[in-house]
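Proteins get letters first, then strands, A, B, ... in listed order; numbering begins at 1 in each. Since this is a predicted model, take the numbers as computed values, not measurements.
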Number of protein chains: 2
Amino acid sequence: MQNFHHNAVCPVRDILSHLSSKWAMLILITLDANQTMRFSDIQKSIGDISQRMLTVSLRALEADGLVNRKVYPEVPPRVEYCLTERGDSLIPCIQGLVNWALTHMPQILEERKGREFL
Amino acid sequence: MQNFHHNAVCPVRDILSHLSSKWAMLILITLDANQTMRFSDIQKSIGDISQRMLTVSLRALEADGLVNRKVYPEVPPRVEYCLTERGDSLIPCIQGLVNWALTHMPQILEERKGREFL
DNA sequence: CGGCATCCTCATCGATACTG
DNA sequence: CAGTATCGATGAGGATGCCG
């Protein structure tokens with residue numbers, strides 16, 4: 001019986017838990033789709049993420065080396081974010097999930113409707 | 001500027017939010033690795049999931065048609081879980097994430113150590 | 001503009017006890 | 001064995017205000 005789990009430090013759990021944060025994957029695919037973006041552009045693109053959560057999430061992604069943060073010493077300040085090479089390498093995996101979602105979601109939604117009358 | 005987001009119902013967000021639940025992906029790869037499993041087997045395999053969360057998570061996966069639940073009318077009761085075809089089709093995507101994690105985690109852990117002295 | 005600090009709310013989750 | 005029910009703790013996340 002195979003398991004990846006509950007060992008001292010499980011890389012799979014670790015990564016999955018990071019990506020499972022409400023915004024991580026959304027930010028990554030947004031950055032992938034638009035390349036370099038300013039803080040406020042990301043926020044506008046996602047639409048309903050608070051400033052706080054965008055900051056927190058970006059810091060977490062930066063800490064894992066998935067996102068690059070570049071500050072321009074200007075007034076008013078400008079900060080640009082883009083994927084690192086490592087971040088890029090993760091995109092195909094996420095894109096796989098996205099494609100799966102786009103493929104299977106219609107039918108799942110259908111089935112949900114069928115159950116709403118219980 | 002492309003975005004998948006904050007439209008009325010966004011399939012990508014919907015699926016990602018479901019898979020982002022703490023246990024969903026872990027349960028799916030566990031079921032994939034071991035095929036058919038009883039409730040208690042899944043719990044033992046994952047190790048640190050509470051009975052409650054396993055029940056809740058399995059119900060959610062079942063509701064999305066990713067997991068099949070079969071009850072045997074015996075005493076004591078026996079319930080077996082396995083992936084549905086749809087669940088199977090999701091495995092490669094998750095496996096992609098798992099492989100990515102196994103590949104990149106060592107270096108990420110290294111980098112984290114380097115930052116612990118701040 | 002792009003934050004950080006603070007406070008507060010609410011969903012998530014664990015522990016425990018009980019049941020068919 | 002495989003749940004359901006309830007309660008309480010925790011922590012993610014939202015709202016607001018201030019700052020370089």
Can you figure out which of dG14(C), dC1(C), dA2(D) approaches the side chain of Pro76(A) most closely? dC1(C)
Measuring from the side chain of Met53(A) (C-beta onward, heavy atoms only), which nucleotide among dG13(D), dC4(C), dG14(C) has the closest atom? dG13(D)
If you compare every side-chain N and O of Lys22(B) against the phosphate oxygens of dG14(C) (OP1, OP2), does one of them come in below 4.0 Å? yes
Of the listed nucleotides dG14(C), dT6(C), dA2(D), the one nearest the side chain of Val79(B): dA2(D)
Touch check for Tyr72(B), heavy atoms < 4.0 angstrom, all strands: base, sugar-phosphate only, or nothing? nothing
Would Arg86(B) and Asp64(B) count as a salt bridge (charged side-chain N to carboxylate O under 4.0 Å, His left out) here? Give the steps. CA-CA 9 Å; Arg86(B) 186 185 292 162; Asp64(B) 282 350; over 6 Å; no
OP1 or OP2 of dG3(C) less than 4.0 angstrom from a side-chain nitrogen or oxygen of Tyr81(A), does that happen here? yes
If you check every side-chain atom of Gln51(A), which of dG14(C), dC4(C), dA2(D) has the closest atom? dC4(C)
Can you tell me how far apart OH (Tyr81(B)) and CG (Leu54(B)) are? Round to the nearest 0.5 Å. 7.0 Å
Could you walk me through whether Met25(A) and Leu97(A) pass side-chain contact (heavy atoms from CB on, under 4.5 Å), step by step? CA-CA 10 Å; Met25(A) 295 206 245; Leu97(A) 285 177; 4.1 Å; yes
Any side-chain heavy-atom pair from Ser45(A) and Ile42(A) closer than 4.5 angstrom? no
Reckon Arg38(A) touches a base, only the sugar-phosphate, or nothing at all at heavy-atom distances under 4.0 Å? sugar-phosphate
Here the distance between atom P of dT12(C) and atom NE2 of His18(B), to the nearest Å, is 10 Å
Looking at the side chain of Pro77(B), which of dC1(C), dG14(C), dC1(D) is the nearest nucleotide? dC1(D)
When you match Ser40(B) and Arg52(B) each to their closest nucleotide on DNA chain D, which lands nearer the 5' end? Ser40(B)
Separation of dA2(D) P from Ile42(B) CD1 (nearest whole Å): 9 Å
Side chain of Arg69(B), heavy atoms from C-beta onward: which of dA2(D), dA15(C), dA15(D) has the nearest atom to it? dA2(D)
